[in-house]
Structures are given as C-alpha cells and as structure tokens.
Amino acid sequence: MQKIKNIVKHNQFLGIIYLTIFRFLFNVLQKFIKIDPKLILLTSYSGRQVSDSPFQIYKDLKADPRFSDYKFLWGVVDKNDADQIPTNEKVEIDSIKFIFKLLKSKYWISNTSIERLINFDHRDHVYINTWHGIPMKHLGPDESNLEFLVKNWFHTVKFDLLYSSGDYDQQIFKRIFPQTEKIVKLGLPRNKELLVKETIDKKRCELSKRLHLDPNKETLLYAPTFREYNNVGNTNVFTFPFDKKNDS
C-alpha cells in the first residue's frame, strides 16, 4: 500500500487523477452523510503516530467536563498501535471507514493533512491545524523537490484555525498557506507542560538519570530534522557545524 501511495504522490499525472476522483467522491458523499456536531477526528503525522499537539489537545478535551458528551476518533495507520487510545476511538486512515468518519466529524484536528491531501469544500467542518513545529527549514512551496500532491495541498488547503508560535512562523505560514486567513499566535499545545517549572525540573531529573548524564556539566542536545542534507547512496549524511574537540 505504501509503495502505491508513493508512486501516486510523486507522479503528477496520477496525482491529478487521484485528486479528481476523490474530490468528486467526497463532494458526492457529503450530500448523504450527516455531520455529527459532537464528533472530533484527530490525526498526527498522517496517522503514523498518536502524539504531538493533537494528542495534547485530545487529553485536555477529554479532561474538560464541557466535552464529556463529545466523541473522539483517531485516524491511525495501524489500529494495533497506539495503546494509549481505546480501540473504539481508532480508525485506520487508509480505509473507507476513515473517509466516512472524516465527512461525519464536525471537527478536524491535525498537525499535517487530515484530508489525505485532497482539497475539497469542507465549509461544514471546522479544520484546526497545529502544525508540528516552527519552520526553521524549507517548507511547502519553498522546497525545490516537492511532490505534486503535497505542493497542491499547501496551495489549496484552507484551515479554519492554524496555530503559530510567534511573528516568525506566522509570516511564513501566511505565505505557504495562502488560502488560510486565521493564523493565530497560540503557541504549540505540546509545549504546555514546559510552562510549569515543577514539570520541567522533574523531567530534567528523570532524563539525566536515564541517560546517565553528569548534573554538574552542561549538556547540549543537537537533534536536527533538516531536509537539506547530502545523499550518499541510501544514507542521509548530516554535517555538524562544529567540531567536538574534547569531552570537557
């Protein structure tokens, strides 16, 4: 299945066929599927995880008595994964059932594309996107090798609310998501716990013990996710901008 998706994703002709067929299908099904005003559908990283800001929002809503009568559903690649979510709250993202639940849900919450890169009229749904970080690397139309389907999605997707962390990413999002008008500086929900000093101190202590770090020495974490890397065969080679001269 993943191999087929990659072929369609990278081929413009097949991508246009894919968009045409599914956009028509979605528009037709919308006429027959009644929206549930208290159904919330969530995805994270296109169903590969149950994590990040959508998961934080999910936990907050589940703990809020004002949403006690709401139903939650996660789109996931494999229902056998994500043990932190009840089985009855999971639906496989590459299934017909997911399409049905997508159209039935009033609220969509995601950090990437929840509608499978298909741009269609979703005026009766509330589409909330948190994104998954601050764009320190090239993103969307700024990427020279962007696939047709992804490029089309960036250009056409219209979020009802897009989270940003500040002026920097808000300005970038305005350019790479031209159809989205409401881009609000709300911060990343996943960072909520970092605002509590006691939580930070506890996590720092737990992490130091687990990694056997010396609390008397400063520790530097270098964890790049840049796409602008050099390819050597099938290996992604990252170039560190500094030399490790000693252990002090």
Side-chain angles (χ1 to χ4, degrees), residues 40-64 66-67 70 72-77 81-82 84-85 89-90 93 105-117 122 125-143 146 150 153-154 157-207 210 219-228:
I40 301 173
L41 179 66
L42 307 98
T43 63
S44 179
Y45 297 107
S46 301
R48 296 189 299 275
Q49 299 179 16
V50 171
S51 63
D52 201 56
S53 293
F55 186 50
Q56 182 62 53
I57 293 175
Y58 166 81
K59 291 187 292 185
D60 289 343
L61 293 179
K62 293 276 281 191
D64 192 327
R66 292 174 298 176
F67 294 89
Y70 278 70
F72 300 86
L73 196 61
W74 276 90
V76 295
V77 172
D81 294 335
Q84 68 271 48
I85 303 298
E89 290 187 358
K90 292 184 285 190
I93 203 166
S105 303
K106 176 65 177 181
Y107 301 96
W108 302 346
I109 301 174
S110 185
N111 61 359
T112 51
S113 167
I114 199 172
E115 74 284 35
R116 316 304 285 142
L117 299 176
H122 60 268
H125 306 271
V126 178
Y127 196 170
I128 301 171
N129 197 288
T130 65
W131 206 240
H132 46 274
I134 298 174
M136 302 298 292
K137 57 191 176 186
H138 286 166
L139 183 65
D142 293 337
E143 298 178 68
L146 200 65
V150 181
W153 179 75
F154 273 100
V157 67
K158 186 175 183 180
F159 303 124
D160 294 291
L161 172 63
L162 174 59
Y163 279 65
S164 71
S165 296
D167 293 335
Y168 169 79
D169 51 336
Q170 186 182 52
Q171 293 305 311
I172 293 177
F173 288 155
K174 285 180 179 179
R175 178 167 51 81
I176 65 176
F177 295 113
Q179 303 303 318
T180 295
E181 298 178 357
K182 195 169 185 179
I183 303 175
V184 184
K185 290 180 283 186
L186 296 171
L188 294 173
R190 72 185 186 193
N191 292 337
K192 176 183 177 182
E193 62 182 14
L194 299 180
L195 300 176
V196 182
K197 185 180 184 303
E198 292 76 11
T199 302
I200 298 175
D201 293 340
K202 180 180 178 181
K203 285 186 174 293
R204 181 185 291 116
C205 182
E206 292 174 349
L207 186 61
R210 180 156 58 89
T219 301
L220 173 66
L221 171 65
Y222 185 78
T225 60
F226 306 130
R227 294 188 183 127
E228 291 76 21

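Numbers here are sequence positions counted from 1. As the structure is a prediction and not an experimental result, all values here were calculated from the model.
With rounding to the nearest 0.5 angstrom, the CG atom of L194 is 8.5 Å from the OG1 atom of T199. In this structure, NE2 on H138 lies 12.5 Å from CG on L146, to the nearest 0.5 angstrom. We find the CG-CZ distance between L162 and F177 to be 6.0 Å, quoted to the nearest 0.5 Å. Note: S110 OG to I57 CD1 = 10.0 Å, rounded to the nearest 0.5 Å. Note that the CG atom of L186 and the OG atom of S53 stand 10.5 Å from one another [nearest 0.5 Å]. Atom CD1 of I109 and atom OH of Y163 lie 7.5 Å apart (nearest 0.5 Å).
No side-chain N or O of D167 forms a donor-acceptor pair with one of Q171 less than 3.5 Å apart.
Heavy-atom contacts from other residues, nucleotides or ligands closer than 6.0 Å to NZ of K59 number more than 12. A 6.0 Å sphere centred on NZ of K192 holds no more than 12 heavy atoms belonging to other residues, nucleotides or ligands.
Annotation: F159 is not in aromatic contact with W131 [ring centroid separation under 6.0 Å not met].
Looking only at side-chain heavy atoms (C-beta outward), D52 and Y45 come within less than 4.5 Å of each other. Under the 4.5 Å side-chain criterion, counting only non-hydrogen atoms from C-beta, L139 is in contact with F154. Using a 4.5 Å heavy-atom cutoff, the side chains of K106 and V126 are in contact.
Just one residue in the list R190, Q49, Q84 forms a side chain to side chain contact (heavy atoms under 4.5 Å, CB included) with F55, and that residue is Q84. Residue Y127 forms a side chain to side chain donor-acceptor pair (under 3.5 Å) with just one option from E115, K158, H122, and that option is E115.
The residues K90 and D81 are annotated as not salt-bridged, no charged nitrogen and carboxylate oxygen being separated by less than 4.0 angstrom. Under the 4.0 Å criterion applied to side-chain N and carboxylate O atoms, K62 and E89 are assigned as salt-bridge partners.
Scanning both residues, V50 and A82, for their nearest heavy atoms gives CG2-CB, 3.5 Å. Here the closest heavy-atom approach between residue L41 and residue S105 is recorded as CB-OG, 3.4 Å.
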task = Begin from the C-alpha positions of N111 and S44 and carry the test side chain to side chain donor-acceptor pair (under 3.5 Å) through to its verdict.
result = CA-CA 6 Å; N111 61 359; S44 179; 3.3 Å; yes
